[in-house]
Amino acid sequence: LKAMVTDPHQTTERKGIEQALRDSEARFRQVADSIDEVFWIVAPDATQVLYISPAFERIWGRPSQEIYASPFKWIQAIHADDQAHVLEAVTTQLAEHPLELQFRLLRGDGEVRNIRHRSTPVRDASGQVVQVVFMSEDITEQKRLERQAAFHAALRGGLERDQLFAVVGWSPAEVAPTLVDRLAEAANVEIRDYPSFLEALRRRHDFFHQRGCRLSDHGVETLYAED
């Protein structure tokens, strides 16, 4: 039998490579675990989740182990009106080119969130897609500010009230009777534009101020109640 001789140089080199890999993985997890967005790595056909960052549980409101066990379960939490186009994009275009999708998410606690979901295929030296990276960002607050800005811009532009609601996606039939009409009636002001809207609010503010209380003490229902 020939004696097995281990080259000390090779052993040292191998240990150095293994340590470098461990250090690299630790740095990767430190970065991925600290970002606000959900960072995922999935198989090219999305049938296996290789990694998902802790932000998933915060944004989705569900345990990440559910996704490791059932990779498409995250789509089940998407609003029913948005599920079809997300599922089609993920199953037919995922490994072809980068994608960007927006959808509404129904969290485990019933809260609705707006999500921007992006994916990027990762290719090997031969051009074959070996993994796909997801980034999912909670843009709920951004969407709220956009609607608010659009509403104020429409008011300043002098649009009719029904047009104002259309700008922010509200139904005039549902919103007008419960908010603007009641405010107009209580303040005795015809709300046609931004200045008249502010005037109605000023009158209601003065009404409560004269009685030694704040609007926040009474809420929406009292704010729009008759005098």
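All residue numbers in this chain count up from 1 along the given sequence. Heavy atoms only: backbone and side chains are in, while hydrogens, waters and symmetry mates are out.
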Check your understanding: Can you say whether the rings of W60 and W74 are parallel (under 30°), tilted (30 to 60°) or perpendicular (over 60°)?
Key -> perpendicular
Review point. Linking Ile, Leu, Val, Met, Phe, Trp and Tyr through side-chain heavy atoms less than 4.5 Å apart, which residues share a cluster with V112?
Key: L106
Exercise for review: Give a yes or no answer on whether the side chain of N114 reaches the backbone of R104 with a donor-acceptor pair at less than 3.5 Å.
Suggested key: no
Revision key, fill the gap. Note: V90 and A46 closest approach over all heavy atoms is CG1-CB, 4.1 Å
Review point. Is there side-chain contact between L99 and F134, with at least one heavy-atom pair below 4.5 Å?
Key: no
Exercise for review: Please list all pairs passing the salt bridge (charged side-chain N to carboxylate O under 4.0 Å, His left out) test where one or both residues lie in residues 39-48, with sequence neighbours left out.
Suggested key: none
Practice item. Not counting sequence neighbours, list each pair that qualifies as a side-chain hydrogen bond (donor to acceptor under 3.5 Å, both in side chains) and has a residue in residues 122-137. Key: W40-S136, R116-E137, H117-S136, D124-S126
Exercise for review: State, to 0.1 Å, how close T47 and P71 come at their nearest heavy-atom pair, and which atoms those are.
Suggested key: O-CG, 3.0 Å
Practice item. Apply the test side chain to side chain contact (heavy atoms under 4.5 Å, CB included) to residues V42 and Q48: give CA-CA distance (whole Å), side-chain angles for both, the deciding distance (0.1 Å), then the verdict. Key: CA-CA 6 Å; V42 304; Q48 182 182 10; over 6 Å; no
Review point. Which atom names give the shortest non-hydrogen contact between S64 and I52, and what distance separates them?
Key: CB-CG2, 3.8 Å
Review point. If every non-hydrogen atom of S53 is compared with every non-hydrogen atom of V38, which pair is closest and at what distance?
Key: OG-CA, 3.6 Å
Practice item. Please confirm whether the backbone N or O of D138 pairs with a side-chain atom of R113, one donor and one acceptor, at under 3.5 Å? Key: no
Study note, to complete from the structure: A55 and E37 have their tightest heavy-atom pair at CB-O, 3.4 Å
Practice item. Sequence neighbours left out, what passes side chain to side chain contact (heavy atoms under 4.5 Å, CB included) with E141? Give chain and number order. Key: R144, L145
Review point. Sequence neighbours excluded, which residues qualify as side chain to side chain contact (heavy atoms under 4.5 Å, CB included) partners of T92?
Key: E88
Point to revise | Y51 side chain to F39 backbone, donor-acceptor under 3.5 Å | key: no
Check your understanding: Excluding sequence neighbours, so at least two apart, what forms side chain to side chain contact (heavy atoms under 4.5 Å, CB included) with T120?
Key -> none
Point to revise | Side chain proximity check, P98 to P121, heavy atoms < 4.5 angstrom | key: yes
Exercise for review: Compare all side-chain heavy atoms of L105 with those of I59 and state whether any distance is below 4.5 angstrom.
Suggested key: yes
Review point. How about Q102 and D82: do any of their side-chain heavy atoms sit closer than 4.5 Å?
Key: no
Review point. Can you name the closest pair of heavy atoms from Q83 and Q76 and give their distance?
Key: NE2-O, 3.2 Å
Exercise for review: Mark yes or no for whether R62, through its side chain, and A77, through its backbone, hold a donor-acceptor pair below 3.5 Å.
Suggested key: no
Check your understanding: Under a single-linkage definition using a 4.5 Å side-chain heavy-atom cutoff for Ile, Leu, Val, Met, Phe, Trp and Tyr, are L101 and I139 assigned to the same hydrophobic cluster?
Key -> no
Point to revise | Rounded distance [0.5 Å steps], CD1 in I75 versus CZ in F103 | key: 8.5 Å
